[in-house]
Protein chains: 2
Amino acid sequence: MTSPTTSIRIEPLKVACSSCNLRELCLPLGLSQPDLERLDRLVDARRHVARGAALFRAGDGFHSLYAVRTGFFKTCVSAEDGRDQVTGFQMAGELLGMDGISTDRHSCDAVALEDSQVCVIPFAELEDLSREFTDLQRQFHKIMSREIVRDHGVMLLLGSMRAEERLAAFLLNLTQRLQSRGFSPSALVLRMTREEIGSYLGLKLETVSRTFSKFQDDGLLEVKQRHIRITDQDGLRRLVNGPNC
Amino acid sequence: MTSPTTSIRIEPLKVACSSCNLRELCLPLGLSQPDLERLDRLVDARRHVARGAALFRAGDGFHSLYAVRTGFFKTCVSAEDGRDQVTGFQMAGELLGMDGISTDRHSCDAVALEDSQVCVIPFAELEDLSREFTDLQRQFHKIMSREIVRDHGVMLLLGSMRAEERLAAFLLNLTQRLQSRGFSPSALVLRMTREEIGSYLGLKLETVSRTFSKFQDDGLLEVKQRHIRITDQDGLRRLVNGPNC
DNA sequence: CGCTGCGTTGACGCCAATCAACCGATGTGG
DNA sequence: CCACATCGGTTGATTGGCGTCAACGCAGCG
């Protein structure tokens, strides 16, 4: 983190990628200064999404990717019969909308779980720019690939873990991502309901609630509504890695 | 399908993308003739993978993507404690290896389920070429995005469907992909074991076997070892879409 | 103040996992 | 060629984990 005070910029409203404190987590990662400045010009629009509102919905035309600046999102897909499944939770610096590239329509909903702000990245222009700048192209490909790898991890979780392991893995994943954003690794506030956690983990909300209570009884964490304090991170890790040892 | 006999080409061994019968399913989809010829030069190597052998393994360095020419693959990820999860089955025209882009190492194994052949696509050169040709860039992005969308569908399956629905959805997906490759929509030969199907669907092999038997009893299909004949496709569809109507 | 949404907890039931036996197909070496 | 081992698959009996149903508590809010 280089000091932002070395040059004082008079851009209180427009926050550029090049000076964004998320640039090490987001699309700009690894870009050179000239590339960054071009990216700045591409990403000019910002959009506020109120808590509960959708950034996009399945079926909407796809034009842009979105980088979360502030706030918290969930994405979910639904089957014809109404069943739906939360496929992910996104926080600052993470990209939304890549599902839309394949058919030029979004295939899932992205809903803000708190008042949020996103940077709008017009996709056609991103493709143009990434034909000019190898680093940007490379970084974008890495981000898409990372999403695929993440999804495979979720499949492993859904396909082969039991309730306790799923919730432990979920909490560890959340705290790790929060920690890399400068937050405490032990205290967190859940932005989503038990039902949304359950949907993501393939469990019912009652099971999520019971498992939280069990973790509390076992001295792994303290639960007060959505406020969680992890008191035994290693205990959680043991749950995930070696359920039988 | 334009007739391949209009111009007789003397390339019995080297099969070019431009004349490959999979080009409408694979990376070349939608490319113009000049683009196709450049792609031909890029994709020159082929590789045979014997049944049971790995095309790559988790941890291997990433250099290339692979397009399945003939044969059948599974990909699987494993947890530290040895549990593993089949994340997909790939057939002719489908791309393997995109998991490796994010960290320059593969994060899953790709294993041939029968003697197979793949086209090797050096990734650095693919990136170079896709900086020149918009259509190729666009097509590659669509393929990665399609993989993400597919993964979300699997999450929905794993997170919210019961055993019968999972297997029905799996069979319908397989037959649909086989059909788009010119095979019968009703008769298929499974390339994978009950255990591999179970791993993919988050079920134990006994449950897969029992569910096959149940489907047979219900007159939905005929099972003879790995040979399946679907006799009531609509019945399967009803199982997937409206479990309660 | 009652309403509503979210969370917790208990009782019970069911679906799929587990454990186990058995079968057929395939392959192998004496 | 056959005895034997191995692997994949089927089926049955039983168990257990999680879903279902229901009651209740609590916080926020009009």
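Each chain gets a letter, A, B and so on, in the order its sequence line appears, and its residues count up from 1.
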*Is there side-chain contact between A:Arg237 and A:Asp234, with heavy atoms separated by less than 4.5 Å?*
yes

*Between D:dT10, C:dT18, D:dT20, which one does the side chain of B:Lys204 approach most closely?*
C:dT18

_Just checking B:Lys142: does its NZ atom have more than 12 heavy atoms from other residues, nucleotides or ligands closer to it than 6.0 angstrom?_
yes

*Is the number of heavy atoms from other residues, nucleotides or ligands within 6.0 Å of CZ (B:Arg226) greater than 12?*
yes

*Select base, sugar-phosphate, or nothing to describe what A:Gly198 touches, counting heavy atoms under 4.0 Å on all strands.*
nothing

*C:dA17 P sits how many Å from B:Arg162 CZ, rounded?*
12 Å

*Contact residues, residues 212-222 of chain B to DNA chain D [heavy atom, < 4.0 Å]*: B:Ser213

*Can any side-chain N or O of B:Arg229 pair as donor or acceptor with the backbone N or O of B:Ala187 at less than 3.5 Å?*
no

*May I have the distance from B:Leu167 (atom CG) to C:dC15 (atom P), rounded to whole angstrom?*
17 Å

*Crowded around B:Arg51 CZ? As in, over 12 foreign heavy atoms under 6.0 Å?*
no

Where do N or O atoms of nucleotides 6-9 of chain D meet protein N or O atoms at under 3.5 Å, pair by pair?
{"from": "D:dG9", "atom 1": "OP1", "to": "B:Arg226", "atom 2": "NE", "distance (Å)": "3.1"}
{"from": "D:dG9", "atom 1": "OP2", "to": "B:Arg194", "atom 2": "N", "distance (Å)": "2.8"}

*Parallel under 30°, tilted from 30 to 60°, perpendicular over 60°: which one fits the rings of B:His106 and B:Phe56?*
parallel

*Establish, from distance only, whether the side-chain atoms of B:Thr75 and B:Gln90 form a donor-acceptor pair under 3.5 Å.*
yes

*Where the side chain of B:Leu203 is concerned, which of C:dT18, D:dC18, C:dA16 is the nearest nucleotide?*
C:dA16

*What do you reckon, are the aromatic ring centroids of B:Phe89 and B:Tyr200 less than 6.0 Å apart?*
yes

_Measure CD/A:Glu206 against P/C:dG7 and give the value in whole Å, please._
12 Å

*For C:dA17, does OP1 or OP2 lie under 4.0 Å from any side-chain N or O of B:Thr207?*
yes

*Between C:dA11, C:dT18, C:dT8, which nucleotide gets closest to the side-chain atoms of B:Arg210?*
C:dT18

*Under the side-chain contact (heavy atoms from CB on, under 4.5 Å) test, which residues partner A:Ser199, sequence neighbours left out?*
A:Gln85, A:Val86

